Engineer: 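Just dropping this structure here.
In what follows, every chain begins at residue 1, and chains take the letters A, B, ... in the order their sequences are listed. Owing to the predicted nature of the structure, the values given are computational and were not obtained by experimental measurement.
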Amino acid sequence: MENDILKGLNPAQLEAIQAPDGPLLILAGPGSGKTRAITHRIAYLVRAKGLSPWRILGVTFTNKAAREMKDRLNQLLGPTVAGQLTLGTFHAFGAKVLRVDGVGIGIDRAFAIYDDSDQVALLKACLQDLSLDPKKYPPKAIQNVISAAKSHLLTAEDYIQKTSSYFEEIAGRTYERYQGRLREAKAVDFDDLIMLPVLLFRQQPDIAAKYQERYRHILVDEFQDTNIAQYELAKVLAAEHRNLCVVGDPDQSIYSWRFADIGNILSFEKDFPDARVVYLEQNYRSTKTILEAASHVIKANLERKPYNLWTENASGIPVVLTEVYDEAEEAQFVVAEVEKLVGQEKRRPGDCAIMYRTNAQSRALEEAFLRYGMPYRLVGATRFYERREIKDALAYLRVLSNPSDGISLARIINVPGRGIGQRTVEELSTWAQHQGLSLYAGLQAAVKGETPLPFAARTRRALQDFLGVMENLRSDVGKVDVVTLLDTTLQKAGYKDYVLAEEGGDERWENVLELRTVASGHLDLSPEEGLASFLEGVALVSDVDDLDQRAEAVTLITLHQAKGLEFPVVFIVGMEEGLLPHARSRDSGDPAQMEEERRLCYVGMTRAKERLYLVRAFRRSFQGRSGPNLPSRFLADIPRHLTTSPKGLLGAVEPEPKKLSLGPNLEPGDQVRHARFGEGTVVAVFPSGDDREVTVAFQGTGIKRLLQSFAKLEKVE
DNA sequence: GCCTCTGGATTTTTT
DNA sequence: ATCCAGAGGC
């Protein structure tokens with residue numbers, strides 16, 4: 001067993017895994033086996049050092065990374081032992097701490113977790129409380145200020161102390177109000193999940209000691225993307241045993257705009273002067289050519305510690321630089337190239353990924369993939385948990401779990417429409433606020449006629465009906481399981497009928513059913529805990545997390561989201577000035593932001609194992625207007641001998657010329673089968689050049705427009 | 001209270 | 001081009 005843990009590893013990896021107790025900094029280049037090192041170190045601590053797995057905390061940035069780590073450790077240690085490890089994101093860990101020990105700093109056990117849009121909604125209410133004009137003080141901007149403050153562990157009081165401008169002064173006051181409102185709503189935001197545990201540990205050393213004693217070893221992944229608060233949390237936890245192991249790569253730091261601080265790596269060496277430093281420099285992922293090309297791009301950054309990434313992999317083939325006319329041709333080129341690779345090299349679509357700087361770029365690509373019937377998956381465009389129907393359904397449950405949650409209540413009080421208008425909610429909310437009551441309590445008072453508010457009889461009746469439904473449902477909380485609760489709620493609140501009645505309602509309802517499936521994963525707990533853990537789970541999980549790479553589809557993904565992934569074939573599109581580097585970074589005049597753009601490019605390039613394409617369009621439409629673009633400066637940093645430009649210059653790329661074989665004659669009403677989408681009904685058929693565009697309503701997948709020559713539709717009877 | 005129109009703003013977004 | 005929020009009309 002122990003042999004397994006140390007087998008097939010290089011000397012640097014072994015050093016990282018077997019490093020004696022004490023602070024440890026692992027600087028790991030892309031593809032250098034960092035996840036392997038960190039999981040094997042955990043296994044080594046358990047197996048060779050006899051450490052109880054219960055005493056190990058592993059922190060990652062995404063749930064996906066946590067799950068990967070868990071899978072590997074299940075294999076190395078077996079599920080029984082691995083199950084005792086604490087593995088998760090900083091936020092999930094923080095939530096656990098607050099759930100168990102937050103009462104000491106006034107955090108209710110049933111606290112809700114507010115996401116971005118909840119925060120903005122709450123901030124709007126705060127601005128209104130303070131009679132501030134949201135045009136002058138945009139809630140988004142204030143949210144950013146508050147998030148920055150919390151990422152630096154500054155409470156509202158701390159922040160107000162150091163304000164130095166009028167705007168900051170206002171922001172400070174709003175922060176204070178916001179925090180008060182959060183408390184009243186028994187809610188915390190994402191940043192609180194980090195900051196509050198730190199404050200808790202500072203204020204209550206006995207509680208801190210409990211965690212410090214328990215966790216003998218703490219390991220932090222993606223350390224280059226931690227913020228000050230997260231680093232502080234890790235340090236506090238490690239204060240007793242000083243066994244803090246951090247793994248990161250400064251060259252892959254791409255989240256500074258979320259207040260991640262590369263400085264943490266430097267601080268680590270200062271905070272722990274005795275830290276052992278291990279470099280993982282051998283790359284197992286990419287060809288020599290790809291690695292060298294990427295190295296030349298990153299090398300141009302001045303603020304960096306150079307290190308020497310190398311590989312024993314084959315040289316491979318040159319990086320392909322392609323110039324196309326515009327985004328439509330770019331998309332066509334990509335699809336045609338993927339098709340060629342699938343046909344000639346027996347690649348699978350799932351081997352390929354298309355990466356871009358901004359989400360808006362996915363549209364043209366998506367269109368091409370759709371039209372050519374090439375399967376693709378778009379990562380994180382409209383994120384599952386941000387969909388309206390999902391947020392609504394969750395808001396109902398959140399109110400049932402925590403009636404103080406005014407933001408959630410305001411969200412669903414008139415959804416579906418039940419005659420409770422904005423005006424009514426506003427008046428009710430203001431009155432409740434003045435009485436020191438939650439919106440829900442205000443609603444109860446209004447129904448009992450205990451408010452001076454002159455509501456019309458009709459309004460009063462609407463409020464009464466709504467409260468009746470909610471009270472009824474509330475009596476089920478703690479009695480019925482979370483799935484039953486969800487079902488009854490959507491039924492009794494009339495939400496199901498409401499969703500199904502609207503345009504595209506079937507698809508929306510499918511989403512709700514998917515949510516229901518997620519809920520059914522919490523049935524092993526008591527009704528109360530099941531509800532709580534479901535709500536916490538959905539708050540802390542993003543759907544990007546379950547990107548299934550085995551799927552037979554090309555991945556469309558932003559460069560940011562691609563971090564940590566790898567693909568045999570990578571296309572980076574939009575290699576243009578203004579996009580990559582993005583104009584916002586370029587024009588900010590801040591060299592640090594330009595360096596981050598370069599790192600982003602580096603991250604993208606180093607995702608590729610065998611084939612890398614860098615595509616640049618001469619002209620691109622941008623927010624309705626179209627204009628010429630210069631090639632990205634990063635292209636100029638790649639030595640010519642590593643590249644090839646097979647198609648020559650502008651406009652030379654033709655989409656694969658195809659013999660059109662249209663297949664069966666189709667007309668509306670016909671049943672057809674598609675290799676990926678399954679069976680469906682033809683809705684419409686239009687001629688499109690030599691081809692036919694067929695609109696098909698697929699069972700489950702919904703309505704798709706396909707070009708018949710590519711989609712290879714079979715007629716079924 | 002609900003519907004429609006207009007105007008403003010649109011990088012990235014692990015949680 | 002397009003999505004969203006807020007304003008104004010019914």
Engineer: Does B:dT13 have OP1 or OP2 under 4.0 Å away from a side-chain N or O of A:Gln561?
Structural biologist: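 For B:dT13, OP1 or OP2 has a side-chain N or O of A:Gln561 closer than 4.0 Å.
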Engineer: Could you report the tightest heavy-atom contact between A:Ser533 and A:His522, atom names first, then the distance?
Structural biologist: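 Of all heavy-atom pairs spanning A:Ser533 and A:His522, the closest is OG-ND1, 2.6 Å.
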Engineer: Backbone N or O of A:Thr226 within a donor-acceptor pair of the A:Asn264 side chain at under 3.5 Å?
Structural biologist: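 Present.
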Engineer: Can you give me the closest heavy-atom contact between A:Glu366 and A:Leu556, atom names plus distance?
Structural biologist: N-CD2, 4.1 Å
Engineer: In this structure, how many angstroms lie between the P atom of C:dG6 and the NZ atom of A:Lys124, rounded?
Structural biologist: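 Answer to the nearest Å: 4 Å.
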Engineer: Considering only side-chain heavy atoms of A:Arg357, which listed nucleotide, B:dT14, C:dG6, B:dT12, is closest?
Structural biologist: B:dT12
Engineer: With a centroid cutoff of 5.5 Å and a plane-angle limit of 30°, would you call A:His560 stacked on B:dT12?
Structural biologist: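 No; by the centre-distance and plane-angle rule, A:His560 does not count as stacking on B:dT12.
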Engineer: Would you mind telling me which residue lines up with the more 5' stretch of DNA chain B, A:Val425 or A:Ala260, judged by nearest nucleotide?
Structural biologist: A:Val425
Engineer: Name the closest nucleotide to the A:Asn63 side chain, picking from B:dT11, B:dG1, B:dT15.
Structural biologist: B:dT15
Engineer: Taking any heavy-atom pair under 4.0 Å as a contact, classify A:Arg625: base, sugar-phosphate, or nothing.
Structural biologist: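 No contact.
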Engineer: Could you tell me whether the phosphate oxygens of B:dT13, OP1 or OP2, come under 4.0 Å of any side-chain nitrogen or oxygen in A:Asn359?
Structural biologist: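 So the side chain of A:Asn359 is within the cut-off, an N or O lying under 4.0 Å from OP1 or OP2 of B:dT13.
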Engineer: Salt-bridged, A:Arg304 to A:Glu595, with N to O below 4.0 Å?
Structural biologist: no
Engineer: So, is the end of the A:Arg99 side chain (NZ or CZ) under 6.0 Å from the ring centre of A:Phe111 and within 45° of the ring's axis?
Structural biologist: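 Geometry flag: set, cation within 6.0 Å and 45°.
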Engineer: In whole Å, what is the span from the CG atom of A:Asp115 to the C1' atom of B:dT14?
Structural biologist: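 Nearest whole value for this atom pair: 15 Å.
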Engineer: Taking only Lys NZ, Arg NE, NH1 and NH2, and the carboxylate oxygens of Asp or Glu, determine whether A:Glu597 and A:Arg586 approach each other closer than 4.0 Å.
Structural biologist: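 Looking at A:Glu597 and A:Arg586, the cut-off is not met.
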Engineer: Atom CG of A:Asp189 to atom C1' of B:dT15: distance rounded to whole Å?
Structural biologist: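 Rounding to the nearest Å, CG of A:Asp189 and C1' of B:dT15 are 11 Å apart.
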Engineer: What is the separation between atom CG on A:Asp191 and atom C1' on B:dT14, rounded to the nearest whole Å?
Structural biologist: 13 Å
Engineer: Under 4.0 Å, heavy atoms only, any strand: does A:Tyr255 hit a base, just the sugar-phosphate, or nothing?
Structural biologist: base
Engineer: Just checking A:Thr424: base, sugar-phosphate only, or nothing, at a heavy-atom cut-off of under 4.0 Å?
Structural biologist: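 Sugar-phosphate: the residue A:Thr424, judged by heavy atoms under 4.0 Å, touches backbone atoms but no base.
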Engineer: Whole angstroms only, please: what is the CZ-C1' distance between A:Arg363 and C:dT2?
Structural biologist: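 About 7 Å, once rounded to whole Å.
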Engineer: Classify the angle between the aromatic ring planes of A:Tyr211 and A:Phe201 as parallel (below 30°), tilted (30 to 60°) or perpendicular (above 60°).
Structural biologist: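 Tilted.
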Engineer: Taking protein heavy atoms under 4.0 Å as touching, what does nucleotides 2-10 of chain B look like 5' to 3' if B marks base contact, S marks sugar-phosphate-only contact and - marks none?
Structural biologist: S-------B
Engineer: So which one's nearest nucleotide on DNA chain B is more toward 5', A:Ser585 or A:Thr89?
Structural biologist: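 Mapping each residue to its closest nucleotide by heavy atoms, the 5'-most match is A:Ser585.
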Engineer: For A:Trp257 and B:dT12, say yes or no: do the ring centres fall under 5.5 Å of each other while the ring planes differ by less than 30°?
Structural biologist: yes
Engineer: How many whole angstroms separate atom NZ of A:Lys563 from atom P of B:dT15?
Structural biologist: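 The distance from NZ of A:Lys563 to P of B:dT15 comes to 11 Å, rounded to the nearest Å.
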Engineer: Of the options B:dT14, C:dC3, B:dT11, whose atoms approach the side-chain atoms of A:Glu597 most closely?
Structural biologist: B:dT11
Engineer: Whole Å only: how far is the CD atom of A:Glu222 from the C1' atom of B:dT15?
Structural biologist: 14 Å
Engineer: Taking only the side-chain heavy atoms of A:Thr558 (C-beta and beyond), determine which of B:dT11, B:dT15, B:dT13 contains the nearest atom.
Structural biologist: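 Of B:dT11, B:dT15, B:dT13, B:dT13 is nearest to the side chain of A:Thr558.
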Engineer: Partners of A:Ser621 by side-chain contact (heavy atoms from CB on, under 4.5 Å), sequence neighbours excluded?
Structural biologist: A:Glu327, A:Ser626
Engineer: Whole Å only: how far is the CG atom of A:Asp249 from the P atom of B:dT14?
Structural biologist: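 After rounding, the gap between these two atoms is 20 Å.
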